[in-house]
Amino acid sequence: VKVGGFVWRDTTDAAKVAAAGTGAPLGFMERVQNFANYDVNVEGTLAIPENSEVNVAIQGDFYVVADAAVTIGATVYADTTTGAVTFTSGDDTVDSGFKAFTAGASGDMVIITKR
(Lines give C-alpha, C1' and ligand atoms only; values in the text may rest on other atoms or scores of the structure.)
Protein backbone atom coordinates (compact mmCIF):
# COMPACT_ATOMS: atom_id res chain seq x y z
CA VAL A 1 0.00 0.00 0.00
CA LYS A 2 1.03 3.62 -0.41
CA VAL A 3 0.94 6.21 2.33
CA GLY A 4 -1.34 9.20 1.87
CA GLY A 5 -4.35 7.19 0.73
CA PHE A 6 -7.16 5.13 2.16
CA VAL A 7 -7.05 1.42 2.96
CA TRP A 8 -9.55 -1.37 3.60
CA ARG A 9 -9.28 -4.64 5.50
CA ASP A 10 -7.90 -7.34 3.22
CA THR A 11 -10.71 -9.72 2.24
CA THR A 12 -8.51 -12.81 2.60
CA ASP A 13 -6.58 -11.89 5.76
CA ALA A 14 -8.16 -9.57 8.38
CA ALA A 15 -4.70 -8.84 9.80
CA LYS A 16 -3.71 -7.11 6.55
CA VAL A 17 -4.88 -4.01 4.69
CA ALA A 18 -5.44 -3.38 0.99
CA ALA A 19 -5.38 -0.25 -1.17
CA ALA A 20 -8.68 -1.21 -2.78
CA GLY A 21 -11.98 -2.32 -1.34
CA THR A 22 -15.70 -1.79 -1.04
CA GLY A 23 -17.72 0.26 1.41
CA ALA A 24 -16.21 2.80 3.76
CA PRO A 25 -12.42 2.53 4.12
CA LEU A 26 -10.81 1.35 7.34
CA GLY A 27 -8.75 4.53 7.57
CA PHE A 28 -6.00 6.73 6.18
CA MET A 29 -2.51 5.37 5.62
CA GLU A 30 0.06 7.29 7.66
CA ARG A 31 3.75 7.52 6.84
CA VAL A 32 5.53 5.98 9.80
CA GLN A 33 8.86 4.28 9.14
CA ASN A 34 8.53 0.92 10.91
CA PHE A 35 10.92 -0.79 8.51
CA ALA A 36 14.50 -0.44 7.29
CA ASN A 37 14.84 2.13 4.53
CA TYR A 38 18.26 3.25 3.44
CA ASP A 39 17.29 6.10 1.11
CA VAL A 40 14.47 8.24 2.50
CA ASN A 41 14.67 10.66 -0.45
CA VAL A 42 13.19 8.28 -3.02
CA GLU A 43 9.49 7.87 -3.82
CA GLY A 44 9.76 4.28 -2.65
CA THR A 45 9.46 5.55 0.91
CA LEU A 46 5.78 6.19 0.15
CA ALA A 47 5.22 2.49 -0.48
CA ILE A 48 5.00 0.16 2.50
CA PRO A 49 6.75 -3.16 1.85
CA GLU A 50 4.53 -6.24 1.98
CA ASN A 51 4.20 -7.86 5.42
CA SER A 52 5.42 -4.70 7.19
CA GLU A 53 3.51 -3.23 10.11
CA VAL A 54 1.38 -0.22 9.21
CA ASN A 55 -0.29 2.62 11.07
CA VAL A 56 -3.82 3.24 9.87
CA ALA A 57 -5.38 6.44 11.18
CA ILE A 58 -9.11 6.29 11.81
CA GLN A 59 -9.21 9.97 12.78
CA GLY A 60 -6.96 13.01 12.73
CA ASP A 61 -5.78 15.82 10.47
CA PHE A 62 -3.71 15.14 7.32
CA TYR A 63 -2.26 17.11 4.41
CA VAL A 64 -3.29 15.94 0.92
CA VAL A 65 -3.04 17.39 -2.58
CA ALA A 66 -6.45 18.43 -3.85
CA ASP A 67 -7.50 16.91 -7.18
CA ALA A 68 -10.26 19.51 -7.59
CA ALA A 69 -11.33 22.82 -6.04
CA VAL A 70 -12.09 22.28 -2.35
CA THR A 71 -14.32 24.20 0.05
CA ILE A 72 -14.24 23.89 3.82
CA GLY A 73 -16.47 21.03 4.93
CA ALA A 74 -16.41 19.29 1.54
CA THR A 75 -16.73 15.51 1.57
CA VAL A 76 -13.51 13.58 1.06
CA TYR A 77 -13.99 10.50 -1.09
CA ALA A 78 -11.86 7.37 -1.32
CA ASP A 79 -11.23 5.79 -4.71
CA THR A 80 -12.19 2.13 -4.17
CA THR A 81 -9.77 0.91 -6.87
CA THR A 82 -6.61 2.72 -5.72
CA GLY A 83 -7.29 4.17 -2.26
CA ALA A 84 -6.53 7.66 -3.60
CA VAL A 85 -7.99 10.72 -1.91
CA THR A 86 -10.40 12.61 -4.15
CA PHE A 87 -12.85 15.46 -3.78
CA THR A 88 -15.07 14.37 -6.67
CA SER A 89 -17.61 11.58 -6.35
CA GLY A 90 -18.02 8.90 -9.00
CA ASP A 91 -18.78 5.25 -9.62
CA ASP A 92 -15.52 4.10 -8.01
CA THR A 93 -15.63 6.35 -4.93
CA VAL A 94 -17.11 6.16 -1.43
CA ASP A 95 -17.47 8.70 1.36
CA SER A 96 -14.35 8.29 3.51
CA GLY A 97 -15.85 9.92 6.58
CA PHE A 98 -13.24 12.70 6.36
CA LYS A 99 -14.07 16.35 5.55
CA ALA A 100 -12.00 19.20 4.12
CA PHE A 101 -10.66 21.38 6.94
CA THR A 102 -9.14 23.98 4.62
CA ALA A 103 -10.09 25.26 1.17
CA GLY A 104 -7.95 25.29 -1.95
CA ALA A 105 -7.74 25.03 -5.72
CA SER A 106 -6.90 21.88 -7.64
CA GLY A 107 -3.23 21.06 -7.00
CA ASP A 108 -3.13 22.89 -3.65
CA MET A 109 -2.14 21.23 -0.41
CA VAL A 110 -5.22 21.09 1.86
CA ILE A 111 -5.99 19.57 5.24
CA ILE A 112 -8.56 16.81 5.68
CA THR A 113 -9.96 15.92 9.08
CA LYS A 114 -12.02 13.37 10.94
CA ARG A 115 -12.70 13.78 14.65
Side-chain angles (χ1 to χ4, degrees):
V1 296
K2 277 185 106 173
V3 299
F6 293 103
V7 293
W8 289 258
R9 285 197 193 281
D10 189 287
T11 56
T12 59
D13 185 346
K16 294 183 178 185
V17 296
T22 59
L26 175 63
F28 186 79
M29 195 70 223
E30 290 185 287
R31 181 180 187 208
V32 178
Q33 300 285 97
N34 290 336
F35 53 89
N37 185 340
Y38 301 103
D39 188 356
V40 295
N41 294 315
V42 297
E43 185 177 324
T45 64
L46 298 178
I48 307 297
E50 191 170 343
N51 296 320
S52 296
E53 290 184 20
V54 296
N55 288 10
V56 178
I58 58 172
Q59 65 181 17
D61 300 334
F62 302 96
Y63 288 97
V64 299
V65 176
D67 67 340
V70 179
T71 57
I72 294 172
T75 298
V76 178
Y77 297 95
D79 184 312
T80 57
T81 62
T82 64
V85 174
T86 182
F87 292 92
T88 56
S89 64
D91 290 341
D92 293 329
T93 63
V94 293
D95 185 338
S96 68
F98 282 76
K99 298 289 183 189
F101 189 70
T102 58
S106 180
D108 286 353
M109 188 74 68
V110 296
I111 300 172
I112 62 172
T113 189
K114 183 176 181 184
R115 298 174 188 212

Would you say Val94 and Phe6 make side-chain contact, with heavy atoms under 4.5 Å? no
Any non-hydrogen side-chain atom of Lys114 less than 4.5 Å from a side-chain atom of Phe62? no
Residues Phe98 and Ala57: closest non-hydrogen pair is CZ-O, 4.4 Å
Determine the minimum heavy-atom distance between Ala103 and Thr71, stating which atoms define it. CB-CA, 4.1 Å
Donor-acceptor check, side chain of Asp108 to backbone of Ala105, threshold 3.5 angstrom: yes or no? yes
Please walk me through it: do Lys99 and Thr75 pass side chain to side chain contact (heavy atoms under 4.5 Å, CB included)? CA-CA 5 Å; Lys99 298 289 183 189; Thr75 298; 3.1 Å; yes
Do any side-chain atoms of residues 78-87 form donor-acceptor pairs under 3.5 angstrom with protein atoms, and if so which ones, sequence neighbours left out?
residue	atom	partner	partner atom	Å
Asp79	OD1	Thr81	N	2.7
Asp79	OD1	Thr81	OG1	2.5
Asp79	OD1	Thr82	N	3.2
Thr80	OG1	Asp92	O	3.0
Thr82	OG1	Ala84	N	3.2
Thr86	OG1	Asp67	OD2	2.4
Thr86	OG1	Thr88	N	3.3
Thr86	OG1	Thr88	OG1	3.1

Would you give the length of the straight line joining atom OH of Tyr63 to atom OG1 of Thr102, rounded to the nearest 0.5 angstrom? 8.0 Å
Measuring from atom CZ of Phe101 to atom CD1 of Ile112, what distance do you get when rounded to the nearest 0.5 angstrom? 12.5 Å
Let me check something: do Ile111 and Met109 share a hydrophobic cluster, defined by ILVMFWY side-chain heavy atoms less than 4.5 Å apart, either directly or through other members? yes
List the residues meeting side chain to side chain contact (heavy atoms under 4.5 Å, CB included) with Val56, not counting sequence neighbours, and say none if there are none. Val7, Val17, Leu26, Met29, Val54
